[in-house]
Amino acid sequence: MAGHLPTGTKIVKNLLAILLLAASAFSVTHAAAKEPPPGAYTQAEPNEADLTTHNHYTNKSGQIVHSPSKSRTGRAPANASAKCRDGSYSFSQHHRGTCSRHGGVAEWMQ
């Protein structure tokens with residue numbers, strides 16, 4: 001009977017395979033939200049030329065929103081809703097969680 005059970009090495013390899021599949025599925029679903037199609041925004045789009053990063057996320061309302069980014073000019077980009085403590089600007093449409101990975105909100109813009 002014991003010969004039919006997977007060894008510790010096989011169990012670890014199987015777990016790693018499962019984790020890799022789960023990680024790849026997660027990255028595929030989140031990668032889709034990084035580059036929205038034209039017109040996908042529900043708010044006015046920020047000028048990408050003014051920003052240092054160009055990622056996006058889907059918020060809790062299902063809307064595609066530009067991820068926090070620093071400004072190339074140092075001035076607040078158009079349509080920014082908050083300035084984060086790390087100097088980046090948020091385009092969040094909800095207060096909860098705004099700038100959560102950027103040190104919190106330093107100042108609300110609108």
Side-chain angles (χ1 to χ4, degrees):
M1 263 300 178
H4 296 289
L5 295 175
T7 64
T9 304
K10 285 184 182 178
I11 291 172
V12 170
K13 285 182 180 178
N14 289 341
L15 287 174
L16 285 174
I18 291 168
L19 289 173
L20 286 172
L21 285 172
S24 66
F26 179 79
S27 66
V28 167
T29 58
H30 283 74
K34 289 190 178 199
E35 295 188 30
Y41 285 97
T42 55
Q43 67 180 30
E45 298 180 34
N47 184 349
E48 293 287 343
D50 292 342
L51 305 175
T52 60
T53 59
H54 308 288
N55 296 324
H56 302 81
Y57 66 94
T58 302
N59 70 10
K60 68 180 184 178
S61 300
Q63 301 162 327
I64 296 173
V65 179
H66 201 288
S67 296
S69 178
K70 293 191 176 182
S71 167
R72 291 189 188 279
T73 64
R75 293 187 305 263
N79 305 311
S81 57
K83 182 174 184 179
C84 304
R85 288 191 179 132
D86 70 354
S88 60
Y89 289 89
S90 173
F91 302 91
S92 176
Q93 297 173 355
H94 303 284
H95 281 206
R96 187 176 185 150
T98 299
C99 298
S100 61
R101 294 185 178 143
H102 297 271
V105 174
E107 174 185 2
W108 292 103
M109 306 305 290
Q110 299 174 356

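In this text the structure is predicted, and so the values were computed from the model without any measurement.
Here CZ of Arg101 is found 13.0 Å from CG of Asp86. Values are rounded to the nearest 0.5 Å. If you take NE2 on His102 and OG on Ser67, they are separated by 7.0 Å, rounding to the nearest 0.5 Å. Within the model, atoms NE2 of His94 and NZ of Lys60 stand 5.5 Å from one another, a figure rounded to the nearest 0.5 Å. Once rounded to the nearest 0.5 Å, the distance linking CD of Gln93 with OG1 of Thr98 reads 10.0 Å. Rounding to the nearest 0.5 angstrom, the gap separating the CZ atom in Arg96 from the CG atom in Asn59 is 14.0 Å.
No donor-acceptor distance shorter than 3.5 angstrom exists from the side chain of Thr53 to the backbone of Asn55, with no hydrogens or angles considered. Counting only distance, with no hydrogens or angles, the side chain of Ser69 and the backbone of Thr52 share a donor-acceptor pair below 3.5 Å. Looking only at distances, a side-chain donor or acceptor of Ser81 sits under 3.5 Å from a matching main-chain atom of Ser90. Counting only distance, with no hydrogens or angles, the side chain of Ser61 and the backbone of Gln63 share no donor-acceptor pair below 3.5 Å.
Enclosure of atom CZ in Arg72 by more than 12 non-hydrogen atoms of other residues, nucleotides or ligands within 6.0 angstrom is indicated.
Taking 4.5 Å as the limit, every side-chain heavy atom of Cys99 sits out of range of all side-chain heavy atoms of Arg85.
Among all heavy-atom pairs drawn from Asn79 and Phe91, the shortest one is O-CD2, 3.4 Å. When every heavy atom of Ala82 is checked against every heavy atom of Val105, the shortest pair comes out as CB-CG1, 4.1 Å. Nearest approach of His54 to His66, heavy atoms of both residues: CA-NE2, 3.8 Å.
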Tyr89/Asp50 under side-chain contact (heavy atoms from CB on, under 4.5 Å): CA gap, chis, key distance, verdict: CA-CA 11 Å; Tyr89 289 89; Asp50 292 342; over 6 Å; no
Evaluation steps, side-chain contact (heavy atoms from CB on, under 4.5 Å), between Lys70 and Ser88: CA-CA 4 Å; Lys70 293 191 176 182; Ser88 60; 3.9 Å; yes
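Aromatic ring pairs are classed by plane angle as parallel below 30°, tilted from 30° to 60° and perpendicular above 60°; the pair His95 and Trp108 is parallel.
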